[in-house]
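Sequence lines set the chain letters: A, B, ... in the order given, protein chains first and strands last, and positions in each chain run from 1. Source: prediction; values computed, not measured.
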Amino acid sequence: MSQTASQPSTDPAAEGTPPHRYTPALAQRIELAWQDRWAAEGTCHTPNPTGRLSAGFDRVADRPKFFVMDMFPYPSGAGLHVGHPLGYLGTDVTSRFRRMDGDNVLHPMGYDAFGLPAEQYAVQTGQHPRVTTEANIAAIRAQLRRLGVDHDDRRSFATIDPGYYKWTQWIFLQVFGSWFDEEAGRARPIAELVAELDAGTREPAPGSNPAGRPWAELDDVERRRVVDAHRLAYLHEAPVNWCPGLGTVLSNEEVTPDGRSERGNFPVFRRPLTQWMMRITAYADRLLADLDRLDWSDSLKLMQRNWIGRSTGARLRFSCGAESIEVFTTRPDTLFGATYVVIAPEHPLVDALTADAWPEGTDPRWTGGATTPAVAVADYQRQASRRSELDRQNEAREKTGVWLGVTAVNPVNGRELPVFIADYVLTGYGTGAIMAVPGEDTRDFEFAEVFGLPVVRTVQPPEGFEGGAWTGAGAMINSANDEVSLDGLAKAEAIERITAWLVARGHGEATTTYKLRDWLFSRQRYWGEPFPIVYDEHDLPVAVPDRMLPVLLPEVDDYSPKTFADDDADSAPEPPLSRATEWTTVEMDLGDGPRTYRRETNTMPNWAGSCWYYLRYLDPGDDERMVDPELERYWLGPRGEGDVGGVDLYVGGVEHAVLHLLYARFWHKVLFDLGYVSSEEPFRRLVNQGYISAYAYTDARGFYVPAAEVEERDGRFFHGGAEVNREYGKIGKSLKNMVTPDEMIGAYGADTFRVYEMSTGPLEQSRPWETKAVVGSQRLLQRIWRVVVDEETGAVRADDAAEPDEGTLRALHRAIAGVRDGMSTLRFNIAIARITELTNHLTQAYGDGRRVPRSVAEPLVLVLAPLAPHIAEELWSRLGHGESLAWAPFPVADERWLVEDTVQVAVQLNGKVRAQVDVAADADAAGLEEAARADEKVAGLLAGRTVRRVIAVPGRLVNFVVG
RNA sequence: GCCCCCGUAGCCCAACCGGCAGAGGCAGGCCCCUUAAAAGGGUCCGAGUGUGGGUUCGAACCCCACCGGGGGCACCA
């Protein structure tokens with residue numbers, strides 16, 4: 001980051017500029033001085049109701065609380081540009097406004113610092129990640145300070161601080177120490193599960209007891225396995241994206257559609273590995289339902305709904321020899337149209353079902369060219385495993401698969417259906433098996449075409465439908481047996497009837513499935529939180545006791561992951577921590593004497609630290625508790641019956657719509673269930689700030705030229721005399737259109753930069769960056785400055801004696817009301833427009849040397865303060881106030897000056913405006929009509945015509961409907 | 001392919017519950033200040049709301065279709 005921001009640029013004011021004009025140089029001096037003073041006086045410190053940070057709470061005890069925060073930055077080492085501060089400034093204006101307006105405002109900032117980008121940056125620069133990360137944090141912190149944001153610096157921390165990640169580990173242990181009680185619909189401590197199993201009031205959940213014997217007959221190790229299988233954090237073997245070239249597994253988001261790593265472009269392979277998982281799927285219903293209780297944008301809620309992907313349907317069983325294939329379908333109504341069955345290549349029944357030999361006359365398309373089904377299946381499975389999940393989903397075109405050589409029986413009509421494996425059926429969704437209905441499902445139709453399978457229509461397509469799958473509505477056809485008929489029914493009734501029949505006959509049941517999968521929580525990386533887990537002599541996980549937290553990330557000689565040849569698919573990850581041999585083996589006394597344990601060497605994903613940081617702001621220094629319950633109740637607790645509680649305003653980029661926000665909600669609900677927090681949701685209200693893009697320019701060869709050097713003439717653009725082409729896109733080095741906050745602060749000062757960014761639109765809106773337009777904000781601040789300060793002498797111009805005239809009072813109070821409206825709805829552009837109007841009024845009304853009354857100048861300064869705090873503080877101080885205005889009351893508009901005595905209303909004929917009449921502001925409909933009819937012009941227009949109807953809207957218009 | 005959001009002056013954006021389309025800024029014109037200049041001051045200039053229908057006394061706003069832009073999901077059974 002450049003240093004220009006902290007050093008006043010040379011005064012561009014040559015001779016001719018008044019000595020006390022608000023120039024960039026003066027702005028710089030004012031800003032640095034006030035930033036020092038705010039820091040020295042703790043102006044922006046927020047008192048807690050209790051505990052370490054409670055000094056000064058008396059002064060705010062009767063105020064409502066308001067907790068506003070940003071998604072904290074990730075200091076990756078890439079340079080910041082003018083788009084980054086937008087959200088930070090939006091929360092800062094809100095914070096300053098609400099504090100002045102009487103709230104106890106909490107506005108903190110921290111740093112998200114574990115994770116792959118920081119690690120990769122460190123590897124590239126040859127520095128330890130802690131060194132580069134801390135340097136990047138220091139740079140961002142300095143930049144935020146230079147912007148004048150009012151974060152309470154006592155509450156700042158980074159996720160890499162041991163005092164913070166101690167509690168990240170502690171939360172992991174709470175999740176590990178819990179299970180989800182389906183009947184209660186919430187998490188409970190694991191000890192309660194054990195007690196119920198011991199008492200015989202509960203049976204192990206299906207699939208959790210591989211030994212198969214009753215709990216009472218299990219030995220200790222078997223019992224631990226049963227319990228471990230119930231935990232919300234559990235070990236699970238799952239296929240993951242293994243990237244030998246990077247030596248680590250990658251999340252799906254880190255793998256490109258063609259199956260390579262986002263970083264480095266190395267091949268990625270799917271490989272089963274034992275991983276820590278978090279049982280987020282247990283919360284799918286609550287995560288979905290509680291969206292309705294949040295004040296978030298519809299689009300964001302929709303993204304979460306899509307991600308959770310709830311669908312209702314039926315699970316039904318097709319018998320296949322001695323086995324039974326369970327399929328999931330959302331369309332049980334189309335069961336009569338099922339002509340084959342498909343199971344995922346990795347389905348556990350594949351081996352058991354595969355026939356020994358192809359029957360005589362098997363269609364060659366079904367065999368994959370193999371001599372026996374077993375060979376075909378093995379080949380196909382190998383082929384499928386080579387592709388990453390994303391690859392497999394994206395290929396999407398030609399359907400592939402092989403026949404297992406067996407058939408299953410359609411329970412509704414006894415029809416024999418061939419059973420295939422095909423990779424268009426996914427292991428992780430539903431039951432990993434489907435009934436294929438080519439008549440009503442596009443994918444099934446495509447497969448049926450390739451494999452020559454029959455199509456039976458069970459929904460009547462509209463007339464003229466040409467073929468293919470008909471997925472729309474229509475009456476049921478071809479759907480009857482001796483006991484049940486769906487023919488003629490619509491979809492919903494058909495589903496209801498067939499489901500009832502299937503349930504009655506024991507063939508299936510109604511069910512709900514989710515797209516959401518459990519959260520893969522392990523990373524084979526160095527730069528993350530170590531798991532507070534050790535393994536005993538049975539290789540079973542054991543929690544590290546709370547008193548031994550944090551489990552510190554050990555120093556290692558080589559923190560980079562071990563890498564392999566790009567295409568070495570059979571290599572296995574080697575976590576950097578596993579090389580810290582004196583760390584991985586540990587002797588501990590966990591209650592039955594000192595024993596040797598092996599530490600978990602995976603680390604947590606970088607989402608872990610951001611899952612709960614909002615709780616830590618309440619008191620980051622608390623070493624006794626994750627969060628004091630009293631503080632949590634005060635800052636985050638529900639505001640009333642049915643309220644979910646949470647942060648009052650959370651601002652951040654829409655790119656975190658699903659992962660971070662879903663994970664944080666999940667953890668919060670676990671903590672709620674376990675009684676550690678009183679709020680049900682972490683973020684009551686969430687706003688996504690818009691993006692700032694910028695123009696970029698290409699020359700005749702198509703190369704980008706530096707945008708800062710391009711000149712506009714008559715709507716055309718030139719660089720060094722040659723015409724260039726204008727494009728629009730992301731700000732960055734590659735488009736050569738980078739503009740940094742430091743440059744802007746250097747050229748104009750932080751206040752001008754703040755006002756410009758806030759003036760370009762509502763916070764949610766994306767907007768273009770236009771450096772040349774910044775001057776408008778500069779001019780506004782200069783005019784305001786001139787209202788208070790004489791540019792020639794530096795003397796205060798405000799007039800103590802003068803009384804404002806009525807027009808000025810109206811302008812003032814209209815401005816106050818408008819600014820309040822803009823600030824409380826995050827439409828800072830409107831607030832700035834109202835301030836501009838007032839300023840323009842004052843410069844006109846008090847031109848030629850007359851002085852603005854103090855009673856107008858002071859509220860002008862106050863309403864400006866949240867947007868441009870430094871210049872406002874300076875003017876406030878020059879107006880004779882010793883105290884910072886950060887705590888001064890925000891002006892309140894006097895209704896008296898907002899209402900007009902008379903208003904001009906439009907007179908319409910058939911909706912077209914024909915005249916204007918003045919009426920008393922409080923005139924009712926009858927009065928309006930009377931006044932309108934009395935108007936000469938209107939009377940003329942109405943003469944000789946029949947008035948059929950009169951619509952009069954008080955204060956707005958009269959509309960005569962004439963025949 | 002499915003779903004969501006958005007189209008208002010040359011540009012960025014306002015417009016309350018459906019009630020006279022314009023607040024503010026940029027750009028542009030003119031004037032003033034200035035030896036000169038401008039990141040100074042003043043003043044002027046602006047569209048009928050993407051297109052086509054519909055509902056309504058009245059539509060930027062509600063409904064339908066289309067066009068354009070942005071975003072999300074994408075073999076999820």
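- Contact annotation: side chain of A:Asn959 to base of B:C57, donor-acceptor pair present below 3.5 Å.
- Nucleotide B:C13 holds its P atom 14 Å from the CE atom of A:Met758, rounded to whole Å.
- If you measure from atom CG of A:Asp441 to atom P of B:C2, you get 15 Å, rounded to the nearest angstrom.
- Base orientation at B:G54 is anti, since its O4'-C1' glycosidic dihedral falls outside 90° of 0.
- Base pairing of B:C16 is not made with any nucleotide, judged by Watson-Crick or G-U wobble geometry with both donor-acceptor distances under 3.5 Å.
- B:C30 takes the anti form, because its glycosidic angle lies more than 90° either side of 0.
- Phosphate proximity of B:U43 to A:Gln844: present, with a side-chain N or O under 4.0 Å from OP1 or OP2.
- The nearest whole Å value for the distance from the NZ atom in A:Lys515 to the P atom in B:C73 is 8 Å.
- Taking the six-membered ring for Trp and the full ring otherwise, A:Tyr691 and A:Trp769 have centroids separated by 6.0 Å or more.
- B:G69 and B:G28 have their P atoms separated by 30 Å, given to the nearest Å.
- As rounded to the nearest Å, B:A23 and B:A14 have C1' atoms that lie 6 Å from one another.
- When every heavy atom of A:Asn410 is checked against every heavy atom of A:Leu417, the shortest pair comes out as CB-CD1, 3.9 Å.
- As the counterpart of B:A9, no nucleotide is assigned, since no Watson-Crick or G-U wobble pattern has both distances under 3.5 Å.
- A:Gln765 has a side-chain polar atom (N or O) that falls below the 4.0 Å cut-off from OP1 or OP2 of B:C13.
- Rounded to a whole angstrom, the distance from the C1' atom of B:C62 to that of B:U56 is 10 Å.
- For the pair A:Tyr22 OH and B:G41 P, the computed distance is 14 Å after rounding to whole Å.
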> Given the rule in the ring pair (Phe, Tyr, Trp, His ring centres under 6.0 Å) test, do A:Phe451 and A:Phe420 qualify, once you have shown the distances and angles that lead to the verdict?
Replying inline: CA-CA 10 Å; A:Phe451 286 81; A:Phe420 291 81; 5.5 Å; yes
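- Going from the C1' atom of B:C12 to that of B:G1 covers 35 Å, rounded to whole Å.
- Contact check, A:Arg767 against B:C12: no side-chain N or O comes under 4.0 Å of OP1 or OP2.
- The distance from atom CD of A:Gln304 to atom P of B:G71 is 20 Å, rounded to the nearest whole Å.
- Of all the heavy atoms in A:Ile325 and A:Ala408, the pair that sits closest is CD1-CB, 4.4 Å.
- With a cut-off of 3.5 Å on both Watson-Crick or G-U wobble distances, the partner of B:A27 is given as none.
- In this structure, A:Phe447 has its ring center closer than 6.0 angstrom to the ring center of A:Tyr340.
- For the pair A:Ile951 and A:Gln908, both in contact range of RNA chain B, the more 5′-proximal nearest nucleotide belongs to A:Gln908.
- Of the P atoms belonging to B:A38 and B:A21, the separation is 40 Å, rounded to the nearest Å.
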Scan nucleotides 23-26 of chain B against the protein and return all N/O pairs shorter than 3.5 Å with their distances rounded to 0.1 Å.
residue, atom, partner, partner atom, Å
B:A23, O2', A:Arg834, NH2, 2.9
B:A23, O2', A:Glu837, OE1, 2.9
B:A23, O2', A:Glu837, OE2, 2.4
B:A23, N3, A:Arg834, NH2, 3.4
B:C26, OP1, A:Arg779, NH1, 2.6

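- Nucleic acid contact for A:Arg786: sugar-phosphate only, since backbone atoms but no base atoms lie under 4.0 Å from a heavy atom of the residue.
- One interatomic measurement links the two molecules: CG of A:Asn688 to C1' of B:C4, which rounds to 13 Å at whole-angstrom precision.
- Comparing B:G7 with B:G52, their C1' atoms sit 16 Å apart, to the nearest whole Å.
- Between A:Arg310 atom CZ and B:A77 atom P the separation is 13 Å, expressed in whole Å.
- Residues passing the salt bridge (Lys or Arg N to Asp or Glu O under 4.0 Å) test with A:Arg834 are A:Glu837, sequence neighbours excluded.
- B:A65 is paired with B:U51 under the Watson-Crick or G-U wobble criterion, all donor-acceptor distances under 3.5 Å.
- Rounded to a whole angstrom, the distance from the P atom of B:C11 to that of B:C5 is 25 Å.
- In this view, A:Phe328 satisfies the ring-ring contact (aromatic ring centres under 6.0 Å, His included) rule with no residue, not counting sequence neighbours.
- To the nearest angstrom, C1' of B:C4 lies 8 Å from CE of A:Met303.
- Residue A:Ser311 is classed as a sugar-phosphate contact, given heavy-atom separations below 4.0 Å to backbone atoms only.
- Nearest-nucleotide mapping onto RNA chain B: of A:Gly761 and A:Val658, the residue sitting toward the 5' end is A:Gly761.
- Taking atom C1' in both B:U34 and B:A27, one finds a spacing of 24 Å when rounded to whole Å.
- Summarising the local packing, CD of A:Glu895 is surrounded by 12 or fewer heavy atoms from other residues, nucleotides or ligands at distances under 6.0 Å.
- The only option from A:Arg786, A:Arg797, A:Gln782 that meets the side-chain hydrogen bond (donor to acceptor under 3.5 Å, both in side chains) definition with A:Glu791 turns out to be A:Arg786.
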